[in-house]
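Here is the structure we will look at.
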Amino acid sequence: GNSVTQMEGPVTLSEEAFLTINCTYTATGYPSLFWYVQYPGEGLQLLLKATKADDKGSNKGFEATYRKETTSFHLEKGSVQVSDSAVYFCALIRAGAGSYQLTFGKGTKLSVIP
Amino acid sequence: DGGITQSPKYLFRKEGQNVTLSCEQNLNHDAMYWYRQDPGQGLRLIYYSQIVNDFQKGDIAEGYSVSREKKESFPLTVTSAQKNPTAFYLCASSIGEKAFFGQGTRLTVV
């Protein structure tokens with residue numbers, strides 16, 4: 001079946017440090033890949049997505065490239081801020097029978113300290 | 001404002017009682033979903049509905065029930081058969097691959 005494995009946290013970085021959160025997936029066919037972010041006490045927000053191989057999703061300084069050869073979608077940011085502290089989820093869509101069900105990784109908690 | 005509303009934000013119930021979590025959307029989306037979030041577990045799919053009066057079990061449906069009598073509403077009932085009901089519950093709706101999430105309900109069973 002489909003699954004997502006992401007780097008376990010928590011991750012603690014100093015402000016302006018470089019961030020990488022690893023994500024790999026197992027899926028049949030060609031899934032679309034997503035990163036969602038969850039701020040404390042809130043629901044999830046879509047951060048970025050990529051729908052086919054070699055696509056790069058980007059938003060708010062975050063980037064991730066869909067690598068089919070390594071089945072990966074690692075999240076990166078060049079310089080993190082305190083406001084980036086949140087839980088980040090890698091996910092894929094398994095489309096079937098007209099529905100688009102998300103399969104999530106376990107989440108990586110990021111804390112950025114001043 | 002268009003969006004998904006979950007209520008209440010915090011809910012406390014005694015063990016053995018059924019409890020219903022509300023989820024309403026005004027985005028005119030056909031598909032709606034319920035996820036359960038536990039620390040270190042990510043989000044797991046409980047039930048989903050692609051259209052009014054139809055719903056399907058997700059990966060962890062045991063001990064839960066849903067209804068979809070209106071397009072806008074997809075309530076989740078946590079029954080006494082659910083062995084570990086304390087969790088954070090998230091509702092979502094989607095159009096194609098684009099999903100929108102509510103703010104969540106934290107259920108604590110004491």
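In what follows, chains carry the letters A, B, and so on, assigned in the order in which the sequence lines appear, proteins first and then strands, with residues in each chain numbered from 1. Below, all heavy atoms of this structure are taken into account, side chains as well, without hydrogens, waters or symmetry copies.
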> Same cluster for Tyr66(A) and Phe62(A) if Ile/Leu/Val/Met/Phe/Trp/Tyr side chains link at under 4.5 Å?
Replying inline: yes
> chain A heavy atoms under 4.5 Å from Lys98(B): which part of the residue, side chain, backbone, both or neither?
Replying inline: neither
> Linking I/L/V/M/F/W/Y whenever their side-chain heavy atoms sit closer than 4.5 Å, directly or via other members, would Val78(B) and Tyr47(B) fall into one cluster?
Replying inline: yes
>> Would a single hydrophobic cluster contain both Trp34(B) and Leu11(B), if residues Ile, Leu, Val, Met, Phe, Trp and Tyr are joined by side-chain heavy-atom contacts under 4.5 Å?
In response: yes
>> Are there residues of residues 102-110 of chain B whose heavy atoms fall under 4.5 Å of chain A's heavy atoms? If so, which?
In response: Gly102(B), Gln103(B)
> Is Glu69(A) atom CD crowded by more than 12 heavy atoms from other residues, nucleotides or ligands, each under 6.0 Å away?
Replying inline: yes
> Above 12 or not: heavy atoms from other molecules or residues under 6.0 Å from CD of Glu15(A)?
Replying inline: yes
>> When you group the ILVMFWY residues by side-chain heavy-atom contacts below 4.5 Å and let the links chain together, are Tyr88(A) and Tyr25(A) in the same group?
In response: yes
>> Would you say CZ of Phe18(A) has more than 12 non-hydrogen atoms from neighbouring residues, nucleotides or ligands within 6.0 angstrom?
In response: yes
> Can you hop from Ile60(B) to Leu21(B) via hydrophobic side chains spaced under 4.5 Å?
Replying inline: yes
> Side chain, backbone, both or neither: which part of Asp59(B) has an atom under 4.5 Å from a heavy atom of chain A?
Replying inline: side chain
>> If I measure from the heavy atoms of chain A, does Phe100(B) come under 4.5 Å with its side chain, its backbone, both, or neither?
In response: neither
> What are the two closest non-hydrogen atoms of Gly40(B) and Lys106(A), and how far apart are they?
Replying inline: O-CD, 3.2 Å
> Considering residues, nucleotides and ligands other than Ile113(A), do more than 12 of their heavy atoms fall under 6.0 Å from its CD1?
Replying inline: yes
>> Does Lys109(A) have more than 12 heavy atoms from other residues, nucleotides or ligands lying within 6.0 Å of its NZ?
In response: no
> How would you list, in number order, the residues of residues 35-57 of chain A that have a heavy atom less than 4.5 Å from chain B?
Replying inline: Tyr36(A), Gln38(A), Gly41(A), Glu42(A), Gly43(A), Leu44(A), Lys49(A), Thr51(A)
> Which answer fits Leu43(B), side chain, backbone, both or neither, if we ask what part of it has an atom under 4.5 Å from a heavy atom of chain A?
Replying inline: both
>> A side-chain contact here means heavy atoms from C-beta on lying under 4.5 Å apart; do Tyr33(B) and Leu102(A) qualify?
In response: no
> For the candidates Gly9(A), Ser32(A), Gly107(A), which exhibits the highest count of non-hydrogen atom pairs separated by less than 4.5 Å from chain B?
Replying inline: Ser32(A)
>> Using a 6.0 Å cut-off, check whether atom CD of Gln81(A) has over 12 heavy atoms from anything other than its own residue.
In response: yes
>> Shorter than 4.5 Å, heavy atoms on both sides: which option in Ala99(B), Gly58(B), Pro39(B) has the most such pairs with chain A?
In response: Ala99(B)
>> Does any backbone or side-chain atom of Gln37(B) lie under 4.5 Å from a heavy atom of chain A? Answer side chain, backbone, both or neither.
In response: side chain
